[in-house]
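Hydrogens, waters and symmetry mates are skipped; everything else that's a heavy atom, side chains included, is used.
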Amino acid sequence: MWKRILSYLVTVYLLSACGSGSETAGLQERSEVPITTSPPVVELQSKPEITYSSSLQDDIVSFVEVAQQIRFFYPSDSVANTHWDVFIAEAIVKLSQMGEQARLAESFQILQSIAPHISLGVAIPNEPSQESRVSSWLANSSSDDSVFTRKLIRGTYKSLQGDIRHAQEWFFTTHLYNEPLHIPLYLNEHESSHGHIYNGYDTYDMSHSIDETELCMSAASHIWAEIQHFWPYFSEVDVNWKPEHKEMLSACLLEDPQDTWQTIFASMNLLQDQHISIHLPRHISPSRSFEWILPFRPYIVEGKAIITRIHPDAFNLVELGDELVTIDNEPIEQVIERNAQVILTSEHNAKYRSLKSLFLRRDDTQIEATLKKVDGTTYTVLFEPLPISAMAQRYTGNRLVYRYDYMHKVLDEGVHHLVLYKLSQSALSQVREQLSSAKGIVIDLRHYPEDFFAWLHALGWFSSQEISSAPIYEHWQRAPNQFSSNVQRVFQFIQPKGELIDKPIVVLASRDSISQNEHALAYIQNAGLPIMGEATAGINGNIQEQSVFSGPDNGGVTFIYTGLQVTQNDGSSLIGVGIQPDMAVPISRESIVEGVDNQLTRAVEYILQQQ
């Protein structure tokens, strides 16, 4: 312990001049820290064998957590241009070769090569003067695109700090191995050009595949850090996210990569974010061996696992509407619960998505299933899964949530069916003209819209007043760990489009209505139109998509999560809850047997009752 403290004190003494934030203080020392763009030309060493002791794992978690904070909040060109995933992977190997007492100094030195103005110890960086030219991050996301912002901004300290989206403190204090470490959130303009750009391995000969333990750790940490610093739903979802960092990194030490990523999936499921998706190289994906399928599709209907579609090869085995009771003598409820632990889902939709995923199988081992008919009669069948290529054959039965290929159709007694998810901009004028003769309209939003601008325009037909969207919030992250983030509401409106279509109207929603569907349905609620069907998926907001080590096609990973916060119209949570229909009309077992769309049928009945 004393050796570690002594090493720490020597490091602080040698590097204490790097903490100043003034325009001129320490300039002479810092002018010797030039920006570089490539590692020295050296012969790379073979990666050594590494034993991941408990103390090494703890130190890696601490180091990587600080590295990710610097990655997203230290305002310099070197930070902006460093290949952080590669840097972190190699740094883990470097730390593994240090004795426990030497890791603090080594870790600080590694981090300081990119961010030379971080400082260890009790002395904090000097605050820049009001008129100093400084650099600072302006960010509501980890990346910059047409929706999200992440820019390294330069201006006077007074002007930048006057923008409430920028950091309101000039530094942030974190901890590296329990020792205080200060990260400047503002750097004088000349200081922001200091530091080494790390753009490739400089010591060890390593791959770019997450098959390697250290690259897996780097990828897992990247995923964790994006959530930690930029995911906007921590105020609504009760989750202690910080300990998941160690869980996710430790998962990379498991022997089977499938177990690794199923463990990481379990951490991600705590977030209840239905947008979350992780795409892996096929050979290590938990779904890598799904080469077989069931000859029928069961879905949750009326709380039970009901057969909704049947492959031609299984016509003599089961019937539409039969209930799946057991698989290989295991109650289907247990199968569903077990499977929900290894897929990406939320509690709100866990049963539905878990049973849906059971359609895919890993091998063609014969299966014994017990089923129950509508009259209560039970029977047992033996069958073998089909090769996945059999999906090309048409299954008997309809999709659980009916999907229509037309945009508009006249139904019984002058009721019109407007399939809003199919509507295109080119058809707007024609469809509006057709609706003029309607006695009532069923607007169908049970599937994801194909044309954003088409439905956005069409909803303006059904209101004589401006319609507001659900509350949308940008989270401007001014410091690590979402400390003191600035939350700003984004306002969106739909304006009336031409003469009001004043007819009896009802809108259909389903469990498959997600994200953009829910965005449209919130407008519909604010327009005063009734919604019928089932609760929706429960997530809205533009997504963030990030690739680590160039994505799964190159041995890396791509992950997706929600980057904007959206609530219900009344400010309550949408995430994990969904938009609730005014009139609940779930899909019925009877409709599966009869092959009818009971939701559309009920919607037409409702319209006729309003006339």
Side-chain angles (χ1 to χ4, degrees), residues 68 71-73 75 80 84 136-153 163-167 222-223 225-237 268 271-279 344 421 425 445 448-457 459 467-480 482 485-495 513-523 526 536-548 551 557-569 571 573-575 579:
Q68 300 287 9
R71 171 187 201 158
F72 292 122
F73 295 97
W84 280 94
S136 178
W137 285 107
L138 178 66
N140 59 17
S141 168
S142 64
S143 59
D144 192 70
D145 58 30
S146 60
V147 175
F148 297 103
T149 300
R150 175 172 165 78
K151 298 181 185 297
L152 192 57
I153 305 295
D163 182 341
I164 60 174
R165 299 172 299 172
H166 279 283
H222 185 164
I223 295 170
E226 293 243 0
I227 299 298
Q228 174 74 2
H229 300 303
F230 296 104
W231 190 65
Y233 281 101
F234 281 119
S235 63
E236 298 187 58
V237 178
M268 301 301 285
L271 302 172
Q272 306 297 310
D273 183 346
Q274 289 271 91
H275 276 150
I276 286 177
S277 180
I278 297 178
H279 303 278
L344 288 167
Y421 58 82
Q425 294 178 73
L445 263 172
Y448 197 83
E450 296 178 6
D451 189 328
F452 175 86
F453 293 103
W455 70 255
L456 197 68
H457 180 100
L459 289 184
I467 317 169
S468 172
S469 72
I472 303 169
Y473 299 98
E474 293 178 326
H475 288 236
W476 295 93
Q477 304 302 347
R478 306 186 290 191
Q482 303 197 34
S485 60
N486 175 249
V487 180
Q488 296 189 12
R489 181 169 177 179
V490 177
F491 291 91
Q492 294 182 354
F493 301 93
I494 291 176
Q495 301 300 328
S513 300
I514 186 172
S515 194
Q516 193 180 130
N517 295 72
E518 294 171 303
H519 191 49
L521 288 165
Y523 278 117
N526 284 331
T536 61
I539 191 63
N540 191 10
N542 290 70
I543 61 169
Q544 267 285 357
E545 180 174 337
Q546 300 293 339
S547 289
V548 187
V557 57
T558 294
F559 63 98
I560 295 169
Y561 64 95
T562 309
L564 284 177
Q565 180 188 15
V566 184
T567 67
Q568 306 269 15
N569 283 315
S573 291
L574 173 70
I575 187 171
I579 290 176

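- In summary, the side chains of Asn526 and Ser468 do not present any donor paired with an acceptor at a separation below 3.5 Å, with no hydrogens or angles considered.
- Nearest heavy atom pair, residue Leu445 against residue Ala520, reads CD1-CB, 3.7 Å.
- No side-chain heavy atom of Asn569 sits under 4.5 Å from any side-chain heavy atom of Tyr523.
- In this structure, the side chains of Thr536 and Ile514 stay at 4.5 Å or more apart for every pair of heavy atoms.
- Here the straight-line distance linking atom CD1 of Ile472 with atom CD of Gln492 works out to 4.0 Å at 0.5 Å rounding.
- Among residues two or more places apart in sequence or in another chain, the side chain to side chain donor-acceptor pair (under 3.5 Å) test is passed with Tyr561 by Glu226.
- Atom CZ of Phe453 has 12 or fewer heavy atoms from other residues, nucleotides or ligands within 6.0 Å.
- Across all non-hydrogen atoms, the minimal contact from Thr562 to Trp231 is O-CD1, 3.4 Å.
- Proximity of a side-chain donor or acceptor of Ser573 to a complementary backbone N or O of Ile575 within less than 3.5 Å is not detected.
- With Glu474 contributing its side chain and Phe148 its backbone, the two residues share no donor-acceptor pair below 3.5 Å.
- Nearest heavy-atom pair, Ala470 versus Arg489, reported as atom, atom and distance to 0.1 Å: C-NH2, 4.3 Å.
- With Gln482 contributing its side chain and Gln477 its backbone, the two residues share no donor-acceptor pair below 3.5 Å.
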Exercise for the section: Decide side-chain contact (heavy atoms from CB on, under 4.5 Å) for Val566 and Tyr233; before the verdict, give the C-alpha distance in whole Å, the side-chain angles of both, and the deciding distance to 0.1 Å. Expected result: CA-CA 9 Å; Val566 184; Tyr233 281 101; 4.1 Å; yes

Problem - Worked verdict on Val548 versus Phe559 for side-chain contact (heavy atoms from CB on, under 4.5 Å) - result: CA-CA 8 Å; Val548 187; Phe559 63 98; 3.8 Å; yes

Problem - Criterion side-chain contact (heavy atoms from CB on, under 4.5 Å) on Gln272 and Glu236, from CA distance to verdict - result: CA-CA 10 Å; Gln272 306 297 310; Glu236 298 187 58; over 6 Å; no

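- Residues that satisfy the side chain to side chain donor-acceptor pair (under 3.5 Å) test with His457, not counting sequence neighbours, are absent from this structure.
- Arg150 pairs by the salt bridge (Lys or Arg N to Asp or Glu O under 4.0 Å) definition with nothing, not counting sequence neighbours.
- When all heavy atoms are compared, the tightest approach of Gln546 to Ser142 is NE2-OG, 3.2 Å.
- A pairwise comparison of heavy atoms in Val557 and Ile278 identifies CG2-CG2, 3.6 Å as the closest pair.
- Glu518 places a side-chain N or O within donor-acceptor distance of the main-chain N or O of Ile539, the cut-off being under 3.5 Å.
- Remark: Ser515 engages His275 in a side chain to side chain donor-acceptor pair (under 3.5 Å) (not counting sequence neighbours).
- With a 4.5 Å cut-off on side-chain heavy atoms, Ser513 and Leu521 count as touching.
- In this structure a side-chain-to-backbone donor-acceptor pair under 3.5 Å is missing from Asn486 to Arg478.
- Under the 30°/60° scheme for interplanar angles, the aromatic rings of Phe230 and Phe73 are found to lie parallel.
- Looking at Thr558 and Ser547, their side chains come closer than 4.5 Å, going by heavy atoms from C-beta outward.
- In terms of heavy-atom proximity, Ala454 sits nearest to Gln425 at CB-N, 3.7 Å.
- Looking at Asn542, its side chain never comes within 3.5 Å of a backbone N or O of Leu564 through a donor-acceptor pair.
- Distance check: Leu138 CG to Ser141 OG gives 11.5 Å after rounding to the nearest 0.5 Å.
- Under the side chain to side chain donor-acceptor pair (under 3.5 Å) criterion, Trp137 pairs with no residue at all, not counting sequence neighbours.
- Taking CG of Asn540 as the reference point, atom CG of Leu574 lies at 6.0 Å (rounded to 0.5 Å).
- Ring-plane geometry between Phe452 and Trp455 is classed as perpendicular, the angle between the planes exceeding 60 degrees on a 0 to 90 degree scale with a lower cut at 30.
- Identified under the salt bridge (Lys or Arg N to Asp or Glu O under 4.0 Å) test for residues 138-147, with sequence neighbours left out: Asp144-Lys151.
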Handout entry: Working for side-chain contact (heavy atoms from CB on, under 4.5 Å), residues Met268 and Ile227
Key = CA-CA 9 Å; Met268 301 301 285; Ile227 299 298; 4.2 Å; yes

